Number of protein chains: 2
Amino acid sequence: MRQRINQIKKELHAQGYKLTPQREATLTVLLEREEDHLSAEEVFLLVKEKAPEIGLATVYRTLDLLTELGIVDKINFGDGVARYDLRKEGIDHFHHHLVCMECGSVEEIIEDLLVDVEKIVEEKWQFRVKDHRLTFHGVCKNCQEAALKSRKKVKID
Amino acid sequence: MRQRINQIKKELHAQGYKLTPQREATLTVLLEREEDHLSAEEVFLLVKEKAPEIGLATVYRTLDLLTELGIVDKINFGDGVARYDLRKEGIDHFHHHLVCMECGSVEEIIEDLLVDVEKIVEEKWQFRVKDHRLTFHGVCKNCQEAALKSRKKVKID
DNA sequence: TTTTAATTTGATAAAAATTCGCAAAAAAAT
DNA sequence: ATTTTTTTGCGAATTTTTATCAAATTAAAA
């Protein structure tokens with residue numbers, strides 16, 4: 001993790017920005033909760049535990065900055081809040097989400113499923129693809145099983 | 001267009017809702033600007049031209065209702081506003097977007113590019129896919145050409 | 001056709017998320 | 001040590017969306 005932060009520190013410096021304590025605290029939170037998809041507010045609350053003096057605006061500014069540098073992805077699942085997602089090391093842009101319509105859970109897929117599709121888009125629409133967002137909405141494994149169980153229960157009753 | 005509205009009227013009635021003049025005006029706007037991706041505010045202004053007495057809240061309510069019934073898709077390109085997009089007739093969910101990072105234009109693709117990908121997701125992650133959102137970010141044809149031209153110009157200067 | 005009940009609406013207030021303005025603090029450059 | 005630049009924290013302001021509620025509209029019942 002230290003190493004990862006150092007890497008990002010370099011990227012910041014390369015663009016003329018500094019790794020301030022506030023920015024480091026924010027990054028630490030993002031790293032610690034890499035699996036999650038935190039909103040700015042959520043990041044703020046978590047950072048506050050480490051550095052109580054930090055302001056919400058600073059968190060927003062930091063997240064903006066990291067987004068601009070391509071260190072995090074700003075995503076939106078349609079619930080009215082922006083969420084921030086640390087990019088995996090070495091991976092350009094390929095990472096997708098499975099959003100469960102029942103329980104709201106968000107699972108991540110780190111596999112590139114779109115190589116062929118991108119090729120089609122580039123050729124057929126003459127569109128130079130730089131990045132993409134792919135989200136599937138549906139029912140996760142858990143909820144499928146839960147639904148099955150509760151249906152069985154109803155039958156018994 | 002009349003026909004399309006009538007079809008939707010039936011869908012509304014089937015769910016116990018009425019096609020009020022306000023709702024019809026909203027639908028008309030959505031139909032007239034099918035190519036665009038209007039925000040609630042934009043829809044509101046356009047509807048106001050036809051029916052000046054309409055309130056913003058009603059437009060929001062109507063768009064919500066239409067979203068719930070699956071007549072429109074609520075999408076979010078990350079610019080902080082929800083946009084609403086009439087679904088094509090007969091087409092379930094397959095429609096994607098090309099968002100240009102230079103000029104902000106949004107092009108629509110009405111082709112299903114994800115049949116294979118969905119199959120993989122269903123199998124590998126045991127996730128029952130109901131819908132998806134796929135957006136490509138990149139540079140549109142126009143901007144590519146413009147960039148080419150301006151580069152040539154610089155060379156001449 | 002009048003009465004009654006249920007839906008829908010418009011206006012405005014309220015809420016939620018994000019950005020702005022600006023003086024103070026911190027860091028870097030001179 | 002001073003000056004300049006960046007960054008921060010705070011609160012106010014903005015923006016987008018939702019909630020409230022009485023009035024208007026529509027459908028149903030009598």
Side-chain angles (χ1 to χ4, degrees), chain A residues 8-29 37-69 71-85, chain B residues 8-29 37-69 71-85:
Chain A
I8 293 170
K9 186 175 180 179
K10 271 184 218 155
E11 290 176 46
L12 282 168
H13 283 158
Q15 307 290 325
Y17 299 108
K18 327 170 186 173
L19 183 65
T20 63
Q22 291 89 337
R23 286 175 183 164
E24 185 163 347
T26 306
L27 270 170
T28 305
V29 164
H37 302 84
L38 303 171
S39 67
E41 190 80 31
E42 287 165 344
V43 173
F44 172 61
L45 291 174
L46 289 167
V47 173
K48 229 170 185 306
E49 288 174 13
K50 293 180 202 298
E53 75 289 357
I54 201 170
L56 175 58
T58 300
V59 172
Y60 270 102
R61 282 184 290 232
T62 302
L63 292 172
D64 268 8
L65 178 61
L66 295 175
T67 303
E68 243 175 66
L69 297 189
I71 293 161
V72 310
D73 282 324
K74 185 176 180 180
I75 42 182
N76 203 307
F77 293 127
D79 59 350
V81 260
R83 300 183 172 278
Y84 299 85
D85 212 356
Chain B
I8 294 170
K9 186 175 179 178
K10 271 185 218 155
E11 291 177 44
L12 283 169
H13 282 159
Q15 307 289 327
Y17 299 108
K18 327 171 186 172
L19 182 65
T20 63
Q22 291 89 336
R23 285 175 185 166
E24 186 164 346
T26 306
L27 270 171
T28 306
V29 164
H37 304 83
L38 304 171
S39 68
E41 189 81 30
E42 287 165 343
V43 173
F44 172 60
L45 292 174
L46 289 167
V47 173
K48 227 169 188 291
E49 289 174 14
K50 293 180 201 299
E53 74 290 355
I54 202 172
L56 175 59
T58 301
V59 172
Y60 269 102
R61 283 185 290 232
T62 302
L63 291 172
D64 268 8
L65 179 60
L66 295 175
T67 302
E68 244 177 65
L69 297 189
I71 293 163
V72 309
D73 282 325
K74 186 175 178 179
I75 43 183
N76 204 307
F77 293 127
D79 58 350
V81 261
R83 300 183 172 278
Y84 298 85
D85 213 355

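Naming: A, B, ... by sequence-line order, numbering from 1 per chain. If you're wondering where the values come from, they're calculated on a predicted model, not measured in any experiment.
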- Could you name each residue pair satisfying salt bridge (charged side-chain N to carboxylate O under 4.0 Å, His left out) that touches residues 42-53 of chain B, not counting sequence neighbours?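 Applying salt bridge (charged side-chain N to carboxylate O under 4.0 Å, His left out) to every pair that reaches into residues 42-53 of chain B, excluding sequence neighbours, yields Glu32(B)-Lys50(B), Glu42(B)-Arg83(B).
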
Atom [atom1] of [X] to atom [atom2] of [N]: distance rounded to whole Å?
X: Tyr17(B); N: dA6(C); atom1: OH; atom2: C1'; answer: 13 Å
X: Asp79(B); N: dA17(C); atom1: CG; atom2: P; answer: 17 Å
X: Glu24(A); N: dA27(C); atom1: CD; atom2: P; answer: 13 Å
X: Glu41(B); N: dT15(D); atom1: CD; atom2: P; answer: 10 Å
X: Leu19(B); N: dT8(C); atom1: CG; atom2: C1'; answer: 13 Å
X: Ile75(A); N: dA17(C); atom1: CD1; atom2: P; answer: 16 Å
X: Leu38(A); N: dT18(C); atom1: CG; atom2: P; answer: 13 Å

Would you say [X] places a side-chain N or O within less than 4.0 Å of OP1 or OP2 belonging to [N]?
X: Gln22(B); N: dG10(C); result: yes
X: Tyr60(B); N: dT17(D); result: yes
X: Arg23(B); N: dT8(C); result: yes
X: Ser39(B); N: dT16(D); result: no
X: Thr58(A); N: dT7(D); result: no

Check whether any side-chain heavy atom of [X] sits under 4.5 Å from a side-chain heavy atom of [Y], and report yes or no.
X: Leu38(B); Y: Val29(B); result: yes
X: Thr26(A); Y: Leu63(A); result: yes
X: Leu65(B); Y: Leu12(B); result: yes

- Query: Which residue, Leu56(A) or Ala40(B), contacts DNA chain D at a nucleotide closer to its 5' end, judged by nearest heavy atom?
  - Reply: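 Closest to the 5' end, via its nearest nucleotide, is Leu56(A).
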
- Query: Counting only N and O atoms by type, is there a donor-acceptor contact under 3.5 Å from the side chain of Asp73(A) to the main-chain atoms of Ile75(A)?
  - Reply: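 No.
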
- Task: Would you check if the side chain of Arg23(B) reaches a backbone N or O of Thr62(B) as a donor-acceptor pair within less than 3.5 Å?
- Result: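 It does not hold such a pair.
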
Please tell me which of the listed nucleotides, [options], lies nearest to the side chain of [X]?
X: Val81(A); options: dA17(C), dT8(D), dT9(C); value: dA17(C)
X: Arg61(B); options: dT7(D), dA11(C), dT18(D); value: dA11(C)
X: Ala57(A); options: dC20(C), dT17(D), dA19(D); value: dC20(C)

- Which distance, rounded to the nearest 0.5 Å, do you find between the CD1 of Ile8(B) and the CG of Leu69(B)?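 Here the rounded value is 9.5 Å.
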
- Query: Does any residue of residues 9-16 of chain B have a heavy atom under 4.0 Å from DNA chain D, and if so, which ones, in number order?
  - Reply: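 Per residue number, the list is empty: none.
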
[X] and [Y]: which non-hydrogen atoms are nearest, and at how many Å?
X: Leu56(B); Y: Phe44(B); value: N-CE1, 3.3 Å
X: Leu19(B); Y: His13(B); value: N-NE2, 4.3 Å
X: Val47(A); Y: Ala25(A); value: CG1-CB, 3.9 Å

- Query: Tell me, which of residues 44-55 of chain B have any heavy atom that sits under 4.0 Å from an atom in DNA chain C?
  - Reply: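 Close to the strand are Glu53(B), Ile54(B), Gly55(B).
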
